[in-house]
Amino acid sequence: MAETKPKPKIQKEAVPIPKQKPEDRRNNFNEVALGYTEKQALAEANRCLQCPKPQCIQGCPVEIEIPAFIKLIREGKFEEAIKKLKDKNSLPAICGRVCPQEEQCQKFCIVGKVGEPVSIGRLERFVADWERAKGVKVSDNSSPKSKKVAIIGAGPAGLTAAADLSKQGHKVVIFEALHLPGGVLVYGIPEFRLPKSIVRAEVDYIEKLGVELKLGYLIGRTHTIPELLKERGFDAVFIGTGAGLPAFMNVPGENLGGIYSANEFLIRVNLMKSYAFPAYDTPIRIGKHVVVIGGGNVAMDSARSALRLGAEQVCIVYRRSREELPARKEEIENAEEEGILCKFLAAPTRFIGDEKGWVKAMECICMELGPPDESGRRRPVPVKGSEFVMDVDTVIVAIGRTPNPIIQSTTEGLAVTKWGTIVTDENGKTSIAGVYAGGDIVTGEATVISAMGAGKKAAKAIHQYLMKT
Amino acid sequence: MYKILVTKELAPKVKLFEVAAPEIAEKAKPGQFIILIIGKTGERIPLTITGYDRKKGTISFVFNEVGKTTKQLGLMEEGECIETITGPLGNSSEIRNFGNVLCIGGGVMIAPMFLQVQALKEAGNKVTTVIGARIKDLLFFEDEMKAHSDKLYVTTDDGSKGYKGLDFLGKILAKEKFDHCVAMGPVVMMKNICEKTKPFGLRTIVTLTPIMVDGMGMCGVCRVTVAGKMKFACVDGPEFDGHAVDFDGLIKRQRLFLPEERLSSLLWEKLGGCTCGGN
Ligand SMILES: Cc1cc2nc3c(=O)[nH]c(=O)nc-3n(C[C@H](O)[C@H](O)[C@H](O)COP(=O)(O)OP(=O)(O)OC[C@H]3O[C@@H](n4cnc5c(N)ncnc54)[C@H](O)[C@@H]3O)c2cc1C
Ligand SMILES: Cc1cc2nc3c(=O)[nH]c(=O)nc-3n(C[C@H](O)[C@H](O)[C@H](O)COP(=O)(O)OP(=O)(O)OC[C@H]3O[C@@H](n4cnc5c(N)ncnc54)[C@H](O)[C@@H]3O)c2cc1C
Ligand code: SF4
Ligand code: SF4
Ligand code: FES
């Protein structure tokens, strides 16, 4: 028998990330995952095989040179590592925390074939946090401001496009309808998963690049896109307005008190900080028995927030089974550790109120899984006569969000699909010259990193367009 | 930052503010509203636009001091700044020559009704106006309304001035044919008016004021049932056909946070009632 070459020794287990204990964290809004120490980061970076043909990169929507930045961590060159990351991703501290890595970069990692994949996201977070702690430097950006670009929406898509265009030397103004920048990063994803100070730091960085931020401007009302182009001197516009319109179920009793859309609930808690009521003025009321309808990230975030606001019991009601839960695996585990309950294969049919108009019970029907639907997942089918009633006093409806419609209805000539998303080519170009779009407003609900990827592509196309005109 | 240029007390606890907001002034139309935040820890509250001066770059609104935020706002002085104002929000009113119109403004909403009355008059309508309040001290803009209306009626809940209650409306409606009616005021009053105009088939446009947070269609707290369908008052309204509105549902939803609102107001008063709003 021929001698085989000794294989490189693979460390099968990933270095675990330190976390707040479940019994502590269910009582506070502080970040759950605490981040690697330098030593832990080095150990994890050493698990990377530095593949000559790295598979991981294809899983990253912005094509970060993953082995290269990991190598720099190994060598202790954090300054260079962050530069490498920022070449492709202007918001690494955020992506390292909220990217569904198990579906993206880490899904393709070779080490994942024999053990746990390299924790690319955690390493990304480590470097970004290291840089923030030290103080972010902005490279000199004194090139003349040649053209003027308006960015609509300060979510990940808009922020990324703004950063890239500003780096190209254009004068960039972001118009954001809310009073704080960040989009879903500030109004949706809770503090315990993405501290708002991190979003603020990333926005500060973008402002330092010379981007002007105008808050409280609802485009379509305060100004319209044709006005921005014709009267306000903008040469191009990027639309990154996201998918923020809450869906309801259209079942009887949905207008009862105590029934929130996930958006209302999360906007109150995150954007308006009602967890700190009455120090902050916006109230929230949470009962003893909370149910959350849905199974995505939004449902998990709502459930875990409700728990932290003092609910005795929080139960997720999902119409498919555990296998189909669309939320990130890590977040499902976190939720279960904290004591969130799940009721699978059930959907509400009606809400029952008390004499004051508050919800007191919810009638559900059981489901079974039929053949797959368009999304490829098995379609839930109601089981006749299987209705049951649950006592509830708070309901959070997290069954999906559709595109914000105001731009589409106030911009003549803008091509829109029947779902209300904006039609673009692969570079984000819309049906109007000089107007580009990207992120959830084009794809429907997706991810932070895909919105950033779209912002990047559009910024490149906008720059090319501006250089030609 | 939006600077307060003029403050005026129109009636006890009813104040008019004129603020510098040139970009909003440029676009504002009757029927639209703004959302303001006083300071960093503040809540977002909706108020109807009661006037705008595109040349001066100002807008005005009138508010009733009912809870923490409006009381705090009421203490602010000329020269001070409001942190954020977003607008104009919502759809503007339909203003055209309908013929003979009936305009009814109640309580603090007399102020935005004045803007409608002027616009409807300018569009060539014959305008009959009704202003109402709980008691006579809370009435305002009587002379202004008179100057812009063909006819003015005054009513109070307690009869301290003009007609007592809204029953006289029935008689007016029986006597005269109107082509269009707009009503703004407390929900109970609008409900009452709609019950009176319905038998006459008089289309009645009401302004709905549910609780709001973002005011741009993202949260759904402002949902109301109109003609059996769920509508978001901030983007689908705030004006709706009053004969199709589920007023009782709206009244219940307006009270959702009553205990918290009381607590907030009480605590703030106990702490001496500052105006900084967390700045
Ligand atoms: C609760 C929750 C949890 C999530 N968790 C994750 C996660 O863990 N990982 C992940 O990858 N993704 C997650 N997502 C999805 C992700 O946040 C979105 O896909 C992403 O934020 C989309 O970015 P965007 O820039 O397209 O839009 P958004 O983030 O929605 O930003 C759009 C911005 O535009 C503003 N705007 C809208 N209309 C106008 C207008 N007319 N004028 C001016 N401004 C306007 C909005 O106020 C908003 O600030 C989550 C989403 C939610 C709601
Ligand atoms: C589209 C719209 C336009 C409005 N225009 C005006 C206006 O021009 N002038 C004005 O004074 N008010 C107006 N309102 C109502 C105003 O927004 C509320 O009075 C304000 O939010 C109260 O805030 P607060 O913190 O002072 O009181 P809170 O502490 O929130 O409430 C105190 C009391 O006011 C009642 N209240 C709370 N919210 C509302 C509401 N939305 N409508 C009616 N009563 C309410 C509560 O039941 C409670 O009893 C409007 C509301 C909407 C939705
Ligand atoms: S941005 Fe997201 S997908 Fe790309 S490498 Fe980082 S964690 Fe992975
Ligand atoms: S596939 Fe995995 S092991 Fe290979 S370079 Fe990428 S992260 Fe490293
Ligand atoms: S106020 Fe949030 S949707 Fe209308």
Side-chain angles (χ1 to χ4, degrees), chain A residues 176-180 187-188 214-218 220-224 227 231-232 241-250 254-268 271-274 276-285 353 356-358 397 401-402 404-406 409, chain B residues 2 21 23-24 26-28 32 34-45 67-69 72 83-90 213-225 229-230 232 235 246 248-253 255-257 259-261 263-268 277-278:
Chain A
E176 165 56 51
L178 293 172
H179 59 285
L180 290 174
Y187 82 72
K214 292 200 159 211
L215 302 174
Y217 284 73
L218 182 63
R221 295 276 191 230
T222 320
H223 308 309
T224 61
E227 284 163 5
E231 294 162 27
R232 302 213 161 244
T241 45
L245 215 65
F248 284 91
M249 295 171 291
N250 286 316
E254 215 165 6
N255 282 356
L256 287 168
I259 304 183
Y260 300 96
S261 75
N263 257 14
E264 181 194 348
F265 179 74
L266 292 170
I267 287 176
R268 283 182 185 273
L271 184 72
M272 306 311 297
K273 300 212 181 308
S274 53
F277 177 86
Y280 281 77
D281 290 340
T282 307
I284 186 94
R285 181 147 7 124
K356 284 204 181 123
W358 271 84
V397 183
R401 300 142 19 93
T402 54
N404 285 325
I406 292 176
S409 62
Chain B
Y2 295 81
E23 287 159 310
I24 302 174
E26 216 171 283
K27 295 301 284 290
Q32 290 187 298
I34 49 141
I35 284 201
L36 65 80
I37 308 173
I38 298 183
K40 297 262 182 307
T41 59
E43 63 183 335
R44 298 169 65 95
I45 69 156
K68 170 170 177 198
T69 303
Q72 201 175 353
E83 176 100 358
T84 317
I85 302 184
T86 303
L89 300 172
V213 179
D214 58 294
M216 49 188 266
M218 284 175 33
C219 73
V221 69
C222 64
R223 57 193 191 269
V224 288
T225 309
K229 290 215 178 69
M230 185 190 287
F232 289 180
V235 284
D246 168 16
D248 295 335
L250 172 60
I251 291 170
K252 278 191 185 138
R253 286 195 61 82
R255 296 190 182 134
L256 290 181
F257 290 98
E260 288 81 4
E261 285 158 357
L263 174 73
S264 182
S265 187
L266 209 73
L267 274 176
W268 175 72

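Just so we're on the same page: letters track the sequence lines, and every chain starts at 1.
- Rounding to the nearest 0.5 angstrom, the gap separating the CG atom in B/D246 from the NZ atom in B/K229 is 14.5 Å.
- The existence of a salt bridge linking A/E264 and A/R268 is confirmed by a sub-4.0 Å separation between a basic side-chain nitrogen and an acidic carboxylate oxygen.
- At a 4.5 Å heavy-atom cutoff, B/I45 makes no contact with chain A through either its backbone or its side chain.
- With a 4.5 Å cut-off on non-hydrogen atoms, A/A279 touches chain B through its backbone but not through its side chain.
- Note that the OG1 atom of B/T69 and the CD atom of B/E43 stand 3.5 Å from one another [nearest 0.5 Å].
- Ranked by non-hydrogen atom pairs under 4.5 Å with chain B, the options A/P278, A/G244, A/G357, A/P405 are led by A/G244.
- Distance alone, capped at 3.5 Å, places no donor-acceptor pair between the B/D248 side chain and the B/I251 backbone.
- Most heavy-atom pairs under 4.5 Å with chain B: of the set A/L215, A/T282, A/T222, A/N263, this distinction falls to A/T222.
- Interface summary for chain A: among B/R255, B/Q32, B/R44, the most heavy-atom pairs under 4.5 angstrom belong to B/R44.
- Looking at B/V221, the atoms closer than 4.5 Å to chain A (heavy atoms on both sides) sit in the backbone and in the side chain alike.
- Contacts between A/L271 and chain B at a heavy-atom distance below 4.5 Å are absent for every atom of the residue.
- Judged by distance alone, with hydrogens and angles left aside, the side-chain atoms of A/S261 form a donor-acceptor pair with the main-chain N or O of B/C219 at under 3.5 Å.
- Looking at A/N404, the atoms closer than 4.5 Å to chain B (heavy atoms on both sides) all sit in the side chain, from C-beta outward.
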Pair B/L36-B/Y2, side chain to side chain contact (heavy atoms under 4.5 Å, CB included): steps then yes or no: CA-CA 10 Å; B/L36 65 80; B/Y2 295 81; over 6 Å; no
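- Salt-bridge annotation for A/E227 and A/R232: absent, with no side-chain N of the basic residue lying under 4.0 Å from a carboxylate O of the acidic one.
- Heavy-atom distances place both the backbone and the side chain of A/T224 under 4.5 Å from chain B.
- Contact count versus chain A (heavy atoms, under 4.5 Å) is highest, among B/G87, B/G249, B/G215, for B/G87.
- Rounded to the nearest 0.5 Å, atoms OG1 (B/T225) and CD (A/E254) are 10.0 Å apart.
- Scanning all heavy atoms of the two residues, the minimum distance from A/L218 to A/A177 falls at CD1-CB, 3.6 Å.
- Here B/L89 contributes atom CG and B/I35 contributes atom CD1; the two are 5.5 Å apart, rounded to the nearest 0.5 Å.
- Your options are B/A28, B/G220, B/P88, and the one with the most heavy-atom pairs under 4.5 Å with chain A is B/P88.
- Ring geometry for B/F232 versus A/F248: interplanar angle over 60°, hence perpendicular rather than tilted (30 to 60°).
- When each of B/M230, B/R223, B/E261, B/R253 is scored by its heavy-atom pairs under 4.5 Å with chain A, the top score falls to B/R223.
- Residue contact with chain A, scored on non-hydrogen atoms closer than 4.5 Å, involves the backbone and the side chain of B/M216 alike.
- Only the side chain of B/I37 comes within less than 4.5 Å of a heavy atom in chain A; its backbone stays farther off.
- Side-chain contact between A/V397 and A/M249 is present, with at least one heavy-atom pair separated by less than 4.5 Å.
- Of the listed residues (A/I406, A/L266, A/I259), the greatest number of heavy-atom pairs within a distance under 4.5 Å of chain B belongs to A/I259.
- The residue among A/L178, A/L180, A/N255, A/L245 with the most heavy atom pairs within less than 4.5 Å of chain B is A/N255.
- Using a 4.5 Å cut-off between heavy atoms, A/Y187 touches chain B through its side chain atoms alone.
- For A/I267, the part sitting under 4.5 Å from any heavy atom of chain B is the side chain, from C-beta outward, and nothing else.
- Of the listed residues A/R285, A/R401, A/K273, A/M272, the one with more heavy-atom pairs under 4.5 angstrom with chain B than any other is A/R285.
- Ranked by non-hydrogen atom pairs under 4.5 Å with chain B, the options A/K356, A/H223, A/R221 are led by A/R221.
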